[in-house]
Amino acid sequence: MLIPVKVEKALNAHLGLEMAAIYHYLSVASWCETKGFEGSAAFFYKQSAEEQLHFMKFFNYINQVGGHAHVPELKKPQTSFKTILETCQKSLEAEHKVTVSIYKLVELARAEKDHATEAFLKFFVDEQLEEEMQFNRLIDRIHLIGGGPQSMYYIDKELEKLGGTTAEATE
Ligand code: MG
């Protein structure tokens, strides 16, 4: 065992949050697609695919360092939303939970003198900052564009710029 048992347990617990993020974004993407927000759907499908990579990085790491990665149990995510603004607010909340969990993992790794895990987590500290900044910017922009059905078109275009086309994202 290369990692302390406490760290292995905490990493396994964190897998649940990364898996929940895959589900959250997939559920949001599906809602966007059914409402005709193609740009937003593409953006959220891409987010979900990115979360799959995050999940696998944690999963593989646990086994590589002598632990045993467990597939987490999952709750069904929220399936319907009122507006794209709500999907972004819920995404920011979800990302913030992940950030808090990663910061706790860093503190634990440090306390256990597990420098390898602390180094491994650096990528995620940076990634979380980017994710939270992205949703903060999007929420600010949506507030600038304003509410109403016509503004949804422009909001969808904003997300399209970040996500590419639906076809590319789902290939
Ligand atoms: Mg993630």
Side-chain angles (χ1 to χ4, degrees), residues 3 6-33 37 39-65 67-79 81 84-110 112 114-142 158-164 166 168-171:
I3 47 167
K6 269 190 195 170
V7 177
E8 182 198 7
K9 273 195 183 156
L11 287 172
N12 259 314
H14 183 78
L15 281 179
L17 283 180
E18 294 291 342
M19 186 64 106
I22 301 173
Y23 264 42
H24 164 76
Y25 286 124
L26 197 56
S27 191
V28 170
S30 182
W31 177 80
C32 290
E33 198 168 24
F37 301 128
S40 309
F43 169 74
F44 285 112
Y45 277 125
K46 191 177 141 203
Q47 291 293 125
S48 182
E50 259 181 47
E51 296 302 337
Q52 286 180 42
L53 296 176
H54 293 172
F55 175 83
M56 285 313 299
K57 264 182 193 260
F58 274 101
F59 198 87
N60 292 331
Y61 177 77
I62 295 169
N63 284 342
Q64 275 162 8
V65 292
H68 182 179
H70 293 192
V71 174
E73 221 176 317
L74 270 185
K75 272 201 313 196
K76 186 177 177 178
Q78 184 176 343
T79 52
F81 303 87
I84 298 177
L85 174 62
E86 188 194 352
T87 68
C88 289
Q89 287 166 332
K90 290 279 160 66
S91 300
L92 180 60
E93 276 172 31
E95 289 294 349
H96 189 66
K97 265 193 205 165
V98 174
T99 304
V100 168
S101 173
I102 285 170
Y103 283 11
K104 281 188 184 156
L105 287 173
V106 171
E107 283 160 27
L108 177 66
R110 206 168 281 170
E112 295 290 316
D114 180 359
H115 299 289
T117 298
E118 194 180 339
F120 165 78
L121 291 167
K122 172 74 171 66
F123 166 88
F124 292 98
V125 170
D126 297 342
E127 183 68 24
Q128 284 313 116
L129 181 61
E130 254 178 54
E131 294 288 352
E132 288 202 35
M133 286 195 311
Q134 170 170 258
F135 282 109
N136 267 319
R137 271 200 306 271
L138 269 170
I139 290 165
D140 284 350
R141 214 165 288 175
I142 293 170
E158 283 295 319
L159 276 110
E160 189 173 24
K161 281 186 225 159
L162 298 167
T166 306
E168 274 170 31
T170 51
E171 254 170 28

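All residue numbers in this chain count up from 1 along the given sequence. As the structure lists them, so they are numbered: ligands from 1, and atoms in each ligand from 1. Computation of the quantities below employed the complete heavy-atom set of this structure, encompassing side-chain atoms and omitting hydrogens, waters and symmetry-equivalent molecules.
Inside a sphere of radius 2.8 Å centred on the Mg ion (ligand 1), the protein N/O/S atoms present are Glu18 OE1, Glu51 OE1, His54 ND1.
In this structure a side-chain-to-backbone donor-acceptor pair under 3.5 Å is present from Asn12 to His68.
Neither side chain, Gln128 nor Tyr103, offers a donor N or O lying under 3.5 Å from an acceptor on the other.
Under the side-chain hydrogen bond (donor to acceptor under 3.5 Å, both in side chains) criterion, Glu132 pairs with His96, Thr99, sequence neighbours left out. The ring-ring contact (aromatic ring centres under 6.0 Å, His included) test applied to Phe59 returns Phe55, not counting sequence neighbours.
For the pair Leu15 and His70, the tightest heavy-atom approach, listed with the atom from each and the gap, is CD1-O, 3.3 Å.
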Side chains of residues 18-28: which donor-acceptor pairs under 3.5 Å do they make with residues two or more places apart or in other chains?
{"from": "Glu18", "atom 1": "OE2", "to": "His14", "atom 2": "NE2", "distance (Å)": "2.9"}
{"from": "His24", "atom 1": "NE2", "to": "Ser91", "atom 2": "OG", "distance (Å)": "3.0"}
{"from": "Tyr25", "atom 1": "OH", "to": "Glu95", "atom 2": "OE2", "distance (Å)": "2.6"}
{"from": "Ser27", "atom 1": "OG", "to": "Gln78", "atom 2": "O", "distance (Å)": "2.6"}

